[in-house]
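This report concerns only the one structure given below.
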There are 2 protein chains.
Amino acid sequence: MKLQQNSKLTKNQGLVYDALSKADGPLSAYTILDGLRDHGIRAPLQVYRALDKLLEFGMVHRLESLNSFVVCRHPDCETQKTMVFAICESCENVLELADDGLVGQLATLADARGFSVKTTTIEMSGLCSDCSAVQP
Amino acid sequence: MKLQQNSKLTKNQGLVYDALSKADGPLSAYTILDGLRDHGIRAPLQVYRALDKLLEFGMVHRLESLNSFVVCRHPDCETQKTMVFAICESCENVLELADDGLVGQLATLADARGFSVKTTTIEMSGLCSDCSAVQP
DNA sequence: TGAATTGCGTTACTCTATAACATATGTAAT
DNA sequence: ATTACATATGTTATAGAGTAACGCAATTCA
């Protein structure tokens, strides 16, 4: 839960983080917005600004391929610069896998071409175990 | 260049492919649209439909983290299900790296959790060799 | 030559994200 | 406390990315 950081969140940051925490999958900024209208959130920017901070804190990840966001379910994300996401295209659940070895190999592959890596995005789409049992 | 497929392209598909080929980096659909207004392309859908086909043919890749598109510079992309992109955040040039080993490892990592992978997106952001020489 | 598929053109619309500007709130030093 | 500074907030308007739905044209291909 990363409570040490959670306690320092501002009102809007806390609202957005809680909304993402309660969701069982990724949420778009506008879905979050709709869910928080009763709490005084009225404009997209209020959500995006909170998300920017939460991303900076490492408490939330952005899924580029879905234009949406998930809370970090990984225990020590600060030390992990890169996550691997497995996104089920049937139920939209997201597995968050960490693998530093893989990230190191990617960096090596890039270094061989003189490219210095800052951030890495790895997103896999497919079927989670539950859904692949149903839809073979 | 993948001429065998190029020769089969329809008018709009050819226009979009040529526009991407001439660019030295990724283009958004709307940038392509603006560049093709003189050629009879007037609506976003005309571009998006062409892009869909080109993606299907494996002649174009989509960069999720930039919402934009590049031509495939890799010789035999049909046999490569997954590309690794290194995107320079300074000059916007894109290196296209192929590594089946890495993709296999990712699939193994996912399989261990019962997830069956269909597509994989790997995008690295950083500085290319030219730009990292200038901005240390 | 007709039927089926694929592509084209257009209008309107939804979803995603940011710019610009004014106000408020917290924080730290004097 | 009071000033000064950084950070967060609220609001309006707008830009950028992508799709739905409709009708028509062109191309296969039987």
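In the text below, chain A, chain B and the rest are named by the order of the sequence lines, each starting its count at 1.
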Practice task
Might you work through the side chain to side chain donor-acceptor pair (under 3.5 Å) test for B:Ser65 and A:Glu64, ending with a clear yes or no?
Solution key: CA-CA 5 Å; B:Ser65 61; A:Glu64 300 287 353; 5.5 Å; no

Problem - Contact interval (first through last nucleotide) of DNA chain D with protein chain B, 4.0 Å heavy-atom - result: D:dA17 to D:dA21

When rounded to the nearest 0.5 angstrom, what distance separates [atom1] in [X] from [atom2] in [Y]?
{"X": "B:Leu45", "Y": "B:Asn12", "atom1": "CG", "atom2": "CG", "answer": "11.0 Å"}
{"X": "B:Arg62", "Y": "B:Asn67", "atom1": "CZ", "atom2": "CG", "answer": "5.5 Å"}
{"X": "A:Leu54", "Y": "A:Met59", "atom1": "CG", "atom2": "CE", "answer": "6.0 Å"}

Problem - All side-chain hydrogen bond (donor to acceptor under 3.5 Å, both in side chains) counterparts of B:Ser116, not counting sequence neighbours - result: none

Practice task
Could you tell me which residues satisfy side-chain hydrogen bond (donor to acceptor under 3.5 Å, both in side chains) with A:Arg49, sequence neighbours excluded, listed by chain and number?
Solution key: none

Exercise for the section: Apply side chain to side chain donor-acceptor pair (under 3.5 Å) to B:Glu123 and A:Thr121, showing your working. Expected result: CA-CA 5 Å; B:Glu123 297 177 19; A:Thr121 298; 5.9 Å; no

Handout entry: Check: B:Glu96 side chain, B:Arg73 main-chain N or O, donor-acceptor pair, under 3.5 Å
Key = yes

Extract all donor-acceptor atom pairs below 3.5 Å that involve side chains of residues 101-114 of chain B and protein atoms in other chains or at least two apart in sequence.
| unit_1 | atom_1 | unit_2 | atom_2 | d |
| --- | --- | --- | --- | --- |
| B:Gln105 | OE1 | A:Gln105 | NE2 | 2.9 |
| B:Gln105 | NE2 | A:Gln105 | OE1 | 2.8 |
| B:Thr108 | OG1 | B:Gly104 | O | 2.9 |

Handout entry: Ring-ring centroid check A:Phe85 A:His61, cutoff 6.0 Å
Key = yes

Practice task
Quick one, give me the B/S/- string for nucleotides 6-18 of chain C, reading 5' to 3', where B means a protein heavy atom under 4.0 Å from the base and S means that only happens at the primed atoms, P, OP1 or OP2.
Solution key: -SBBBB----BBB

Completion exercise
Students should find that the end-to-end axis angle of the helix from C:dT1-D:dA30 to C:dT30-D:dA1, with five pairs defining each axis and rounding to 10 degrees, is 40°

